[in-house]
Amino acid sequence: MSPATAVAPLTIEDAEALVAAARRAAEAADVTVSVTVLDAGGHLLAFRRDDRAVLISGETSTRKAYTALQLNAPTADLVDAVQPGGLFHTLPTALDRPLLFIAGGVPVHRDGRLIGAIGVGGGAPEQDHGFATEAVEALA
């Protein structure tokens, strides 16, 4: 059996590039946001909250990133899953750290493997999702 091919982890430089790309996208739309980037283990690599952003946007961006990381899916794709009868209806309250099923969290992959996640909070959920997706695409 051959060993698995190693995948480069998400670096601090990668995380800073993700934050910068998400901020540029938000600024172009005249939206003030907070951005969080987590590595594959859920550790904080980068965080930026604009001074004009609502304070809760920092917690929101972190929980969106954590949710995208734990479920390896964009949070925008998971919204219906937490509705009554959905696959994850009880999951948001079953963990020590609550998940947040609002668009704006996007997993980051390299060579098909999960290496981290980005969360954006502060705009409308659809805007946050767009800013996070644009940042991930810019990293690729």
Side-chain angles (χ1 to χ4, degrees):
M1 192 170 192
S2 63
T5 304
V7 174
L10 191 65
T11 65
I12 291 176
E13 292 79 16
D14 292 335
E16 290 172 346
L18 285 165
V19 169
R23 287 192 59 227
R24 279 192 304 274
E27 287 172 1
D30 198 28
V31 176
T32 304
V33 297
S34 292
V35 183
T36 301
V37 178
L38 305 175
D39 69 9
H43 304 102
L44 181 66
L45 283 183
F47 173 79
R48 173 73 164 97
R49 184 183 65 81
D50 188 294
D51 290 340
R52 298 169 295 148
V54 179
L55 288 176
I56 194 67
S57 68
E59 177 64 19
T60 302
S61 67
T62 302
R63 288 178 53 196
K64 288 178 181 182
Y66 182 75
T67 303
L69 180 68
Q70 292 302 309
L71 299 175
N72 193 12
T75 55
D77 296 348
L78 301 168
V79 174
D80 291 339
V82 294
Q83 301 304 319
L87 293 173
F88 303 127
H89 182 237
T90 60
L91 188 59
T93 57
L95 303 172
D96 291 336
R97 184 175 194 172
L99 301 178
L100 188 59
F101 291 87
I102 299 173
V106 177
V108 179
H109 296 94
R110 182 172 286 145
D111 297 328
R113 295 191 185 166
L114 180 65
I115 60 168
I118 181 173
V120 179
E126 300 78 20
Q127 289 176 308
D128 292 344
H129 178 73
F131 303 148
T133 299
E134 190 171 323
V136 171
E137 289 171 354
L139 185 65

Worksheet item: Yes or no on side-chain contact (heavy atoms from CB on, under 4.5 Å) for Gln127 and Val33, after CA distance, side-chain angles and deciding distance?
Response: CA-CA 10 Å; Gln127 289 176 308; Val33 297; over 6 Å; no
Worksheet item: How far apart are the C-alpha atoms of Val19 and Val37, what are their side-chain angles, what is the distance that settles it, and do they pass the side-chain contact (heavy atoms from CB on, under 4.5 Å) test?
Response: CA-CA 7 Å; Val19 169; Val37 178; 3.8 Å; yes
Discussion item. Run Leu139 and Val136 through side-chain contact (heavy atoms from CB on, under 4.5 Å) and show every step you take.
Written reply: CA-CA 5 Å; Leu139 185 65; Val136 171; 5.7 Å; no
Practice prompt. Show your working on side-chain contact (heavy atoms from CB on, under 4.5 Å) between Leu45 and Leu18 and close with a plain yes or no.
Written response: CA-CA 11 Å; Leu45 283 183; Leu18 285 165; over 6 Å; no
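Nearest heavy-atom pair across Leu38 and Thr62 is CD1-O, 4.3 Å. The nearest pair of heavy atoms linking Ala22 to Val120 is CB-CG2, 4.1 Å. Closest non-hydrogen pair, Ala65 versus Ile118, comes out as CB-C, 3.7 Å. Nearest heavy-atom pair across His129 and Pro74 is CE1-CB, 3.9 Å. Residues Asp128 and Lys64 approach most closely at OD2-NZ, 2.9 Å, considering heavy atoms. Ala25 and Phe131 make their closest contact through O-CE2, 3.6 Å (heavy atoms, listed as atom of the first residue, atom of the second, distance).
With hydrogens and angles left out, the side-chain atoms of Ser34 and Ser61 include no donor and acceptor closer than 3.5 Å.
A 6.0 Å sphere centred on CD1 of Ile12 holds no more than 12 heavy atoms belonging to other residues, nucleotides or ligands. Around the CG atom of Asp30, the shell of radius 6.0 Å holds no more than 12 heavy atoms that belong to other residues, nucleotides or ligands.
A distance of 5.5 Å separates CG of Leu78 from CG of Leu71, quoted to the nearest 0.5 Å. Leu69 contributes atom CG, which lies 8.0 Å from atom CG of Asp39 (distance to the nearest 0.5 angstrom). From Arg49, atom CZ reaches atom OG1 of Thr36 across 11.5 Å, with rounding to the nearest 0.5 Å.
Under the 4.5 Å side-chain criterion, counting only non-hydrogen atoms from C-beta, Thr60 is not in contact with Ile102.
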